[in-house]
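Protein chains get the first letters and strands the later ones, always in sequence-line order, with residue 1 at the start of each.
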Number of protein chains: 2
Amino acid sequence: MADTAPDVAEPTLEEQIAAYQREFQGLDPQVEKIVSALSRLNRRMNVAYGRQTAGLGISNAEWEVLKALVLSGAPYRLGPSDLAKRLGLTPAAMTHRIDRMVAEGLVTRERDESNRVRVIVELTPEGREKWLEAMRLATVFEEDLLQDLTPAERAVLGEVLTRLLRRVEDAQPDAGGRLSDLD
Amino acid sequence: MADTAPDVAEPTLEEQIAAYQREFQGLDPQVEKIVSALSRLNRRMNVAYGRQTAGLGISNAEWEVLKALVLSGAPYRLGPSDLAKRLGLTPAAMTHRIDRMVAEGLVTRERDESNRVRVIVELTPEGREKWLEAMRLATVFEEDLLQDLTPAERAVLGEVLTRLLRRVEDAQPDAGGRLSDLD
DNA sequence: TCTGAAGACTTCAAAGCTAAAGTTCGAAGC
DNA sequence: GCTTCGAACTTTAGCTTTGAAGTCTTCAGA
């Protein structure tokens with residue numbers, strides 16, 4: 001029998017924290033618990049979103065673009081570089097992604113006639129409809145996820161997360177946010 | 001002057017929620033606040049981790065592998081498919097990633113002589129050292145991030161996040177977690 | 001008007017990932 | 001013992017993203 005257990009189970013959050021404490025002296029288990037749970041939770045949520053959007057015939061990547069355009073408000077237009085900044089992509093990646101979405105009829109791309117260097121990406125009615133369908137699924141999932149939290153817990157959670165977010169956003173003013181978005 | 005504002009600012013969390021409410025009837029702003037903050041926070045944290053590991057000469061992707069191996073406990077060995085499951089990658093991607101890490105001396109790869117179908121990936125002392133350095137930076141960052149939270153807030157946050165995590169993990173038992181890990 | 005510089009996007013090559021098709025080895029049935 | 005099935009990894013082809021180099025347009029100055 002090998003030293004490498006024949007069936008190495010995925011560690012639970014609790015096991016993971018315990019292992020970290022064994023391997024790294026001076027670790028605050030409470031901090032680690034918060035950070036690890038946050039990371040894992042986010043991954044699971046993205047898997048769930050991915051499943052839902054896949055069912056609608058669009059990728060998670062495309063949904064990100066739809067969201068950014070809708071958030072910009074009517075007439076739902078943004079330039080490729082604005083989109084790239086919001087999504088944390090390079091302009092090159094944005095060019096390709098827009099290519100695909102134009103081919104699928106989710107957005108249109110045209111030159112800005114008032115400044116011919118710029119390009120305008122605009123949501124099509126089909127794109128808006130896809131966003132709406134995805135949004136309906138997403139909100140159902142989100143409500144279900146938070147279902148067991150009391151009103152007080154929701155309030156604290158929202159407030160505390162917002163505070164943490166403000167802290168990192170101030171620290172990384174807008175730092176060209178490249179770099180892998182793992183976990 | 002174009003309709004597309006010349007300088008479209010990245011929306012703040014509050015602006016984002018407000019925009020969603022305008023565009024989607026019946027949205028619970030509190031739920032959306034929690035979900036959006038979670039997602040944004042996670043992205044920012046990954047950018048921060050990426051910066052730190054890059055400073056150590058390893059990628060965020062490599063750090064993930066080091067973490068999984070250390071978490072498995074001494075003698076820090078796992079098979080490629082175990083690693084792939086933990087990181088949410090395909091076996092093929094794992095093969096390539098291990099190739100690179102072997103070339104950099106972070107891990108070794110050898111056949112399991114007791115079962116020659118299996119392969120054993122083992123952390124090298126250099127790999128362990130890199131993990132330790134990354135861990136030191138990560139914990140400093142994490143302590144700093146949570147610095148303004150009261151003990152009560154930390155307790156609630158940890159408990160609530162754990163509860164949410166349990167809820168999704170039960171719902172997606174271990175669903176081959178493929179699918180994009182965006183955001 | 002012409003020139004130079006900067007900005008916005010695109011193109012190209014290379015890295016890293018997925019999906020699907022191999023390989024190789026071990027275990028079970030005949 | 002031979003065959004077949006299944007498991008664990010690797011290989012191959014195609015796609016998405018990155019980084020760097022290019023193209024086109026605008027603007028400011030000579």
Side-chain angles (χ1 to χ4, degrees), chain A residues 1-2 4-8 46-47 50 54 58-65 77-104 107-121 176-183, chain B residues 1-2 4-8 46-47 50 54 58-65 77-104 107-121 176-183:
Chain A
M1 81 192 56
T4 310
D7 196 28
V8 207
N46 283 330
V47 170
I58 61 178
S59 69
N60 216 332
E62 289 169 331
W63 188 38
E64 295 290 325
V65 177
R77 296 177 174 184
L78 285 175
S81 43
D82 292 318
L83 281 169
K85 276 194 206 90
R86 281 172 172 63
L87 305 189
L89 294 177
T90 60
M94 210 56 241
T95 294
H96 298 317
R97 203 179 270 193
I98 293 168
D99 286 346
R100 285 170 250 145
M101 294 182 72
V102 168
E104 293 168 16
V107 302
T108 58
R109 167 164 42 192
E110 57 184 80
R111 289 219 160 270
D112 181 343
E113 288 308 328
S114 71
N115 180 343
R116 300 186 39 73
V117 176
R118 289 172 185 272
V119 167
I120 299 177
V121 176
R178 212 65 345 108
L179 284 170
S180 86
D181 270 284
L182 259 178
D183 220 10
Chain B
M1 76 195 62
T4 310
D7 197 26
V8 206
N46 284 329
V47 170
I58 62 178
S59 70
N60 216 330
E62 289 169 331
W63 187 38
E64 295 291 322
V65 177
R77 296 177 173 182
L78 285 174
S81 43
D82 292 318
L83 281 168
K85 275 193 205 90
R86 281 172 172 63
L87 304 189
L89 294 177
T90 60
M94 211 55 241
T95 294
H96 298 316
R97 203 179 271 194
I98 293 168
D99 285 345
R100 284 169 251 147
M101 295 182 70
V102 167
E104 292 168 19
V107 301
T108 59
R109 166 164 43 192
E110 58 184 80
R111 289 218 158 269
D112 181 345
E113 287 307 329
S114 70
N115 180 342
R116 300 185 42 71
V117 177
R118 289 173 185 272
V119 168
I120 299 177
V121 176
R178 214 60 349 107
L179 283 170
S180 86
D181 269 284
L182 260 177
D183 220 10

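- Rounded to whole angstrom, the span from the CD atom of E110(B) across to the P atom of dC9(D) amounts to 13 Å.
- Every side-chain hydrogen bond (donor to acceptor under 3.5 Å, both in side chains) that R116(B) has, sequence neighbours left out, goes to E113(B).
- To the nearest angstrom, C1' of dC9(D) lies 12 Å from CE of M94(B).
- For A93(A), the side chain to side chain contact (heavy atoms under 4.5 Å, CB included) partners at least two apart in sequence or on another chain are L89(A), T90(A).
- With rounding to whole Å, L78(B) atom CG is found 15 Å from dC9(D) atom C1'.
- To the nearest 0.5 angstrom, R86(B) atom CZ is 5.0 Å from L78(B) atom CG.
- Between the CD1 atom of I120(A) and the C1' atom of dA8(C) there is a distance of 13 Å, given to the nearest Å.
- Residues passing the side chain to side chain contact (heavy atoms under 4.5 Å, CB included) test with R109(A) are T95(A), I98(A), D99(A), V102(A), V119(A), sequence neighbours excluded.
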Margin query: For a side-chain contact (heavy atoms from CB on, under 4.5 Å) check, start with the C-alpha distance between V121(B) and M101(B), then their side-chain angles and the critical distance, and finish with the verdict.
Written below: CA-CA 10 Å; V121(B) 176; M101(B) 295 182 70; over 6 Å; no
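- Nucleotide dT10(D) holds its P atom 11 Å from the CG atom of L83(B), rounded to whole Å.
- Remark: the backbone N or O of A61(B) is not paired with any side-chain donor or acceptor of E64(B) at under 3.5 angstrom.
- Legend: residues meeting salt bridge (Lys or Arg N to Asp or Glu O under 4.0 Å) with E110(B), ordered by chain and number and at least two apart, are absent.
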Write down the protein N/O and nucleotide N/O pairs, taken from nucleotides 21-28 of chain C, whose separation is under 3.5 Å; answer none if there are no such pairs.
unit_1  : atom_1 : unit_2  : atom_2 : d
dG26(C) : OP1    : R116(B) : N      : 3.1

Detail all sub-3.5 Å separations between protein N/O atoms and N/O atoms belonging to nucleotides 15-17 of chain D.
unit_1  : atom_1 : unit_2  : atom_2 : d
dT17(D) : OP1    : R97(A)  : NE     : 3.3
dT17(D) : OP1    : R97(A)  : NH2    : 2.5
dT17(D) : OP2    : R100(A) : NH2    : 2.7

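- Remark: P of dG7(C) and NZ of K85(A) are 11 Å apart, rounded to the nearest angstrom.
- In this entry the distance linking CG of D82(B) with P of dA7(D) reads 15 Å, nearest Å.
- In this structure, D99(B) places its CG atom 11 Å from C1' of dC9(D), rounding to the nearest Å.
- With distances taken from any side-chain atom of S81(B) to the nucleotides dC9(C), dA8(D), dT10(D), the minimum falls on dA8(D).
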Checklist line | Intermediate values then yes/no, side-chain contact (heavy atoms from CB on, under 4.5 Å), R97(A) and L83(A) | finding: CA-CA 11 Å; R97(A) 203 179 270 193; L83(A) 281 169; over 6 Å; no
